[in-house]
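Position 1 is the first residue of the sequence, and the numbers go up from there.
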Amino acid sequence: MSEKVLLVVMDGVGFSKTGLGDAVSLANTPVLDRLLKECPNTRLKAHGTAVGLPSDDDMGNSEVGHNALGCGQVYSQGAKLVNESIESGKIYESEAWKKLSANCVENGSSMHFIGLLSDGNVHSNISHLFAMLEKAKECGIKSARVHILLDGRDVPATSALIYVEQLEAKLAELSDGSFDAKIASGGGRMKITMDRYEADWNMVKLGWETHVKGEGRQFASAKEAVETYRAEIAGVIDQDLPPFVIAENGEPVGKIKDGDSVILFNFRGDRALELSMAFDYDDFDKFDRGAKPDVAYAGMLQYDGDLQLPKNYLVNPPEIKDTLSELLVSHKMTQFAVSETQKYGHVTYFWNGNRSEKFSEELETYMEIPSDRVSFDERPWMKSAEVTDAVIDAMKGGKYDFIRCNYPNGDMVGHTGSLDATIVAVEAVDLGLARVLAAADECGFTVLITADHGNADEMLEKNKKGVVQVRTAHSLNAVPFIIYSKNEYHIKDGSFGLANVAPTVASIFGIKPFDSWEESMI
């Protein structure tokens, strides 16, 4: 098979509709500009129903995006998956829910809910928390405590109090002589608890101390905590708010104790794995947990099927099969996947249908380039040069039929809210593309360039009052799909999404796709 293919994912790079804070257009990107002018290209839908989410008002994200890119199909995902389980009642028929609720009833103990408090539909949805609180009361549980992680990333940057007020209203509605429900602790999602890919275990340690031990600065309410920190820290946004503990008479209202039950209500896996390890693993050594409470723990989903983590989970994840990796392995084709830590799991775990293990140790090679442990706006180039080096080495080595890489810059720097830094991030990726394309010419590779969702393309937004403000969330914008090749390819007319990429790769290789796949674009 003479054809060789490189797929480049420019994470978080889309086409702006509003022009507000469009770092992609503001950046100096001569390579991307030339490709869009001279090469076959189209725009792909990368959000909502195209990636299995409930509606086209739902932002795409890197996880569902790479699932779709890697499997050529659309599966019910994230919020939609949980919505279906709650609406059908299956979530409450799960062994995990039965176990955790019975544990609380039998011990007269508390059920704790930990998760991201927003309706961003990327990691969680506040409506899922409300449904479980109502069911907990219905099941005869006497006490519930909620440990909130503030968003400001998948929703407006300083919207935390909207969700805090909604939650306080729901807790007041449910609390009576038979049920006592309170917010117990919290903090910004980029300060505590929600680390991913083991980049900074100190975040998880701080979350453990806050949620489990009830250690930290005390406040009478979550609202008081948010307002105090905003007054003390100029320009702070929700994701960066320090941790806080809610206390009465100097005592935390919601330490996690022996006999309690704990639910992590985030449905997205990457930022849920590490806390799950801390609760599930007896031989845990990432930080000193102190006296680990004897609790029943469950996640909204099983975040890693190969690791069986967590052991207990409320909703079965989509059973993704017939992935591109499987198809290529069946044809004895060699593959290479590379990114830096921040997106390494996306070109491996999520790409392969939520599997940590390879389909073939012989035919698949993975490379992780460790990310810098600094704020991404301080080094917006991130590890783009090193990712580029690895891709070029893989092409020149002559061993691989299919190479895939992810440049995280547009997404990770975009999430900081710094427009200037994100412009640099986009330019760094363009510099990488220039080097990659030169090597592709030398090595005879066809290069496909796309993105998993937008972000850098919409760094500002107008609020309901018409005031322009910083936007740190993903966009609902389309993303590019470009074919760079010495061979002649034509993209068909039509409306395509991320799931059409894998069938297109199969077409270029000249191999028959799985019957379950979407159509090829060529």
For a quick check under 3.5 Å, do [X] and [Y] share a side-chain donor-acceptor pair by atom type?
{"X": "Ser261", "Y": "Asn103", "value": "yes"}
{"X": "Ser175", "Y": "Asp180", "value": "no"}
{"X": "Asp260", "Y": "His112", "value": "yes"}
{"X": "Thr472", "Y": "Gln239", "value": "no"}
{"X": "Glu340", "Y": "Ser371", "value": "yes"}
{"X": "Asp452", "Y": "Ser62", "value": "yes"}
{"X": "Thr416", "Y": "Asp377", "value": "no"}
{"X": "Lys257", "Y": "Ser109", "value": "no"}

### Query
Between Trp351 and Tyr344, does the ring centre distance come in under 6.0 Å?
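Not under 6.0 Å, so no.
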Please say whether more than 12 non-hydrogen atoms of neighbouring residues, nucleotides or ligands are located less than 6.0 Å from [atom1] in [X].
{"X": "Lys223", "atom1": "NZ", "value": "no"}
{"X": "Lys45", "atom1": "NZ", "value": "yes"}
{"X": "Lys321", "atom1": "NZ", "value": "no"}
{"X": "Lys462", "atom1": "NZ", "value": "no"}
{"X": "Lys137", "atom1": "NZ", "value": "yes"}

### Short side-chain to backbone donor-acceptor contact, Asp195 and Asp200, under 3.5 Å
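Yes, because the side chain of Asp195 sits within donor-acceptor range (under 3.5 Å) of the backbone of Asp200.
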#### Entry: All salt bridge (charged side-chain N to carboxylate O under 4.0 Å, His left out) counterparts of Asp420, not counting sequence neighbours
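Not a single residue meets the salt bridge (charged side-chain N to carboxylate O under 4.0 Å, His left out) criterion with Asp420.
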Filter on side-chain hydrogen bond (donor to acceptor under 3.5 Å, both in side chains), then keep only pairs touching [range], sequence neighbours left out; what's left?
{"range": "residues 282-294", "value": "Glu198-Lys286"}
{"range": "residues 205-216", "value": "Ser185-His211, Thr193-His211, Lys205-Glu209"}
{"range": "residues 271-281", "value": "Ser276-Tyr297"}

### Message
For Asp11 and His453: C-alpha separation, side-chain torsions, deciding distance, then whether side chain to side chain donor-acceptor pair (under 3.5 Å) applies.
### Response
CA-CA 7 Å; Asp11 212 295; His453 57 76; 3.3 Å; yes
Who passes side-chain contact (heavy atoms from CB on, under 4.5 Å) against [X], sequence neighbours left out?
{"X": "Ala96", "value": "Ser94, Ala298, Asn312, Leu314"}
{"X": "Asn121", "value": "Asp58, Ala79, Asn125"}
{"X": "Phe350", "value": "Glu63, His66, Asn67, Tyr197, Asp270, His346, Asn354"}
{"X": "Lys142", "value": "none"}

### Message
Go through it in stages, so that I can follow the logic: the residues are Thr158 and Asp238, the test is side chain to side chain donor-acceptor pair (under 3.5 Å), and I'd like the CA-CA distance, side-chain angles, deciding distance and then a yes or no.
### Response
CA-CA 5 Å; Thr158 55; Asp238 296 341; 5.6 Å; no
### pair Val315-Tyr313: side-chain heavy atoms closer than 4.5 Å
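Val315 vs Tyr313: side chains apart.
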### Task
Could you tell me whether the side chain of Phe376 reaches within less than 4.5 Å of the side chain of His415, counting heavy atoms only?
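Of all side-chain heavy-atom pairs linking Phe376 with His415, none is under 4.5 Å.
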### Query
Salt bridge or not for Arg189 and Asp240, using N-O below 4.0 Å?
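The answer is no: the pair does not qualify as a salt bridge.
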### Glu232/Arg217 ion pair, N-O < 4.0 Å
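The answer is yes: the pair qualifies as a salt bridge.
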### Message
If the condition is ring-ring contact (aromatic ring centres under 6.0 Å, His included), which residues does Phe219 pass it with, not counting sequence neighbours?
### Response
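Once residues adjacent in sequence are excluded, the partners of Phe219 under the ring-ring contact (aromatic ring centres under 6.0 Å, His included) criterion are Tyr229.
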### Query
Residues two or more places apart in sequence or in another chain: which of them pass side-chain hydrogen bond (donor to acceptor under 3.5 Å, both in side chains) with Lys135?
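Listed in chain order: Glu138.
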Compile the donor-acceptor pairs under 3.5 Å between side chains in residues 162-171 and protein atoms, sequence neighbours left out, one pair per line.
from, atom 1, to, atom 2, distance (Å)
Tyr163, OH, Asp119, OD1, 2.7
Lys170, NZ, Glu134, OE2, 2.6
Lys170, NZ, Glu173, OE2, 3.4

### Query
Yes or no on side chain to side chain donor-acceptor pair (under 3.5 Å) for Tyr366 and Glu368, after CA distance, side-chain angles and deciding distance?
CA-CA 7 Å; Tyr366 297 165; Glu368 176 184 1; over 6 Å; no
### Task
If a pair satisfies ring-ring contact (aromatic ring centres under 6.0 Å, His included) and one of its residues is in residues 46-65, list it, with sequence neighbours excluded.
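For residues 46-65, and leaving out neighbouring residues, there are no ring-ring contact (aromatic ring centres under 6.0 Å, His included) pairs at all.
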### Query
Can you check side chain to side chain donor-acceptor pair (under 3.5 Å) on Glu458 and Asn477, steps first, answer last?
CA-CA 9 Å; Glu458 200 166 317; Asn477 297 328; 3.0 Å; yes
